[in-house]
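Read the structure below first, then the notes.
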Amino acid sequence: MTVTALVFYLFAAITVASGFMVISARNPVHSVLFLILAFFNAAGLFLLLGAEFLAMILVIVYVGAVAVLFLFVVMMLDVNFVELRQGFLQYLPVGALIGLILLVELLLVFGSWSVLPEAGNLAAARAPDAATLSNTDALGRILYTQYLLPFQAAGAILLVAMIGAIVLTLRSRPGVKRQKISDQVTRTMETAVEVKKVQPGQGI
Amino acid sequence: MTSSLSTDLVLILPEIILAAGAMALLVLGAFRGEGSAGLVRFGAFGLLIAVLILTACAGTGEKVLGFNDMLVVDGFGSFMKVLVLIGALVAIPMSVDFFRRAATDRFEYPVLILLATVGMMLMISANDLITLYVGLELQSLALYVLAAFLRDDVRSTEAGLKYFVLGALSSGMLLYGCSLIYGFSGTTNFTDLAAGIASLEGQGAGIGLVVGIVFLVAGLAFKVSAVPFHMWTPDVYEGSPTPVTAFFAAAPKVAAMALFLRALTVPFGEIAAQWQQIIIFVSIASMLLGAFAAIGQTNMKRLLAYSSIGHVGYALVGLAAGGEEGIRGVLVYMAIYLVMTLGTFGVLLVMRKDGKAVETIQDFAGLGRSHPWLAFVMAAFMFSLAGIPPLAGFFAKFYVFISAIEQGLYVLSVIGMLASVVSAFYYLRVVKIMYFDAPEGAPLELPFPLASRVVVGVTGFLTVLYFVVPAPLVTAAGAAAKTLLP
């Protein structure tokens, strides 16, 4: 038990510390690398909870795809982060005050946290039996049955995102030379070759 | 849990038709290239009409749950869906002339309107926090793109970006609220939540649940642009292309208001006392801000943005009152508001001067002399928005305030009436400028676009002559309100 607790605190502490470093690192590339570290530690926390599927998805999707994409964006776009961060100190006191108030309020909420007496039953009623199934199996079962509608709607959201990106950025440029295979194939000797009789010493 | 997939699919047949149709039209547009806008628009228009008829006629109005209680189809939902579909239906032909002149007549516009409509219909039918969120995002994402549709126009892109950033923030708040509610109750389902809260038997909800509801309300208030989450509205309304603004002011507001009603009354109806005071505050603040902030506006779109904030405040009076009467009031309000708003934006879309769309109030000067009919209809819309009898807008306010007074919310009602008197100032100023100021600048471009003219005519007719037969709308709204409550 103590080992689990120790591992938990290790993962949690590194997650929080790297989260802090994401926003405070001077070099944006370092920020992204700290973000990846935070993802890995969050995956570790998921493992401790017994949610191995989420842990793997976090590593594969967030570290493997999203964070690498971030890294590309940060490296390719020449954003001046020093300039962006100007005014940071100016807004710090107000921001810190609001954050502090929110933190205190949330602590008060969690201090007097009372859960609905029915909560356990309600949660269990719609979830598959975790003891007999693996994570992946359980998620798959409810994702494609009970949550079919939101799952499909989420697909529609991705479609809208794709349409939006194309609508807002795609421009058809005039004068771009493209290969038209049908035109090339249908060329005959008459349309392609012109025979000129050149008089000696005259040129065309 | 005995419902099979086939019965579930029949429940969302309208949504499926719209979504599949949107994808088919998208493929058609992508293959036929830029010249296909007219065809896609025609297809989208036909689809919306078909779905409108299907939604209006199908269903007995009884409450049917589907998709493992993720979705609910009832009379309330059908009523709101019909309103949303009318808003979407009008938005497509009204845009033709505007986008053609702006040289952005693209086939994606009707496709995005269709997908946004699917999102709104999902929002209205949501019986689960997850369906609610997914529908909301489907709608919002399409709207962000529509706001920035004139991508070479600085104001339009700015509007899109502002809407996107603030919308993402509000979605974050909404999700945080949802997670708190889930943490408190162990479920995201409205039916289960209602059952769980009923089992408390008046012991009072935990503070965690109340904080969750507060965040949920904050997210929803953003979507209906109620004070204090209204800041994006004037900028987005001003910057977006006018047909898109007309759509924003009509359909998404109705859908978000439906969501507001369902998400508060169905799962949290038992603890209404916990959220009623928040709604009262939001309502009063919206009415007052809508009344006072619009006074200084000279841009017609900004003025209408503030006016819409005010109208959301009035509609929320009905929600604060609660009960069947209150909900009926909100439904009537949204129906009449939809008609008035579409008509007012129709007038804006009809008028063009010097090759540009009319935007400032001064452009209306002398309209009473040059185009008496247009000025008459516009004056009718302005009087109606101000809530002056016997126009439709008066009845809208009448029903919500009656319900509030019956519930003993006297302070709310009095403030609402006073705010409505203040707001009459800026509505009547438009009328005064139209009839008593000398014409300025170039005359209006003729001929007026046909689609907008038809919209203005029909909405004007409904607004002016609503008082002759008010019963059908009120009866339909009453029947719809009955199905929302357990």
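As a basis for the values below, the full set of heavy atoms in this structure was taken, side chains included, without hydrogen atoms, waters or symmetry mates.
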Contact origin within B:Leu115 toward chain A - heavy atom pairs under 4.5 Å: side chain

Exercise: identify the closest heavy-atom pair between A:Gln146 and B:Asn68: CA-ND2, 3.1 Å

Crowding at CZ, A:Phe11 (>12 non-hydrogen neighbours, <6.0 Å): yes

Under 4.5 Å from any heavy atom of chain B - which part of A:Leu158: neither

Interface moiety of B:Leu141 toward chain A, non-hydrogen atoms closer than 4.5 Å: both

Over 12 non-hydrogen atoms of neighbours within 6.0 angstrom of CZ in A:Arg187: no

Side chain / backbone / both / neither for A:Leu168 at chain B, heavy atoms under 4.5 Å: both

Proximity breakdown for A:Leu149 and chain B, heavy-atom pairs closer than 4.5 Å: both

Side chain / backbone / both / neither for B:Leu180 at chain A, heavy atoms under 4.5 Å: both

Toward chain A, the part of B:Ala19 with a non-hydrogen atom under 4.5 Å: neither

Minimal non-hydrogen separation, B:Met23 against A:Leu159, with atom names: CG-CD2, 3.8 Å

Minimum heavy-atom distance B:Val134-A:Ala154, with the two atoms named: CG1-N, 3.9 Å

Under 4.5 Å from any heavy atom of chain A - which part of B:Val111: side chain

Working for side chain to side chain contact (heavy atoms under 4.5 Å, CB included), residues B:Asp8 and A:Leu148: CA-CA 11 Å; B:Asp8 286 347; A:Leu148 178 70; over 6 Å; no

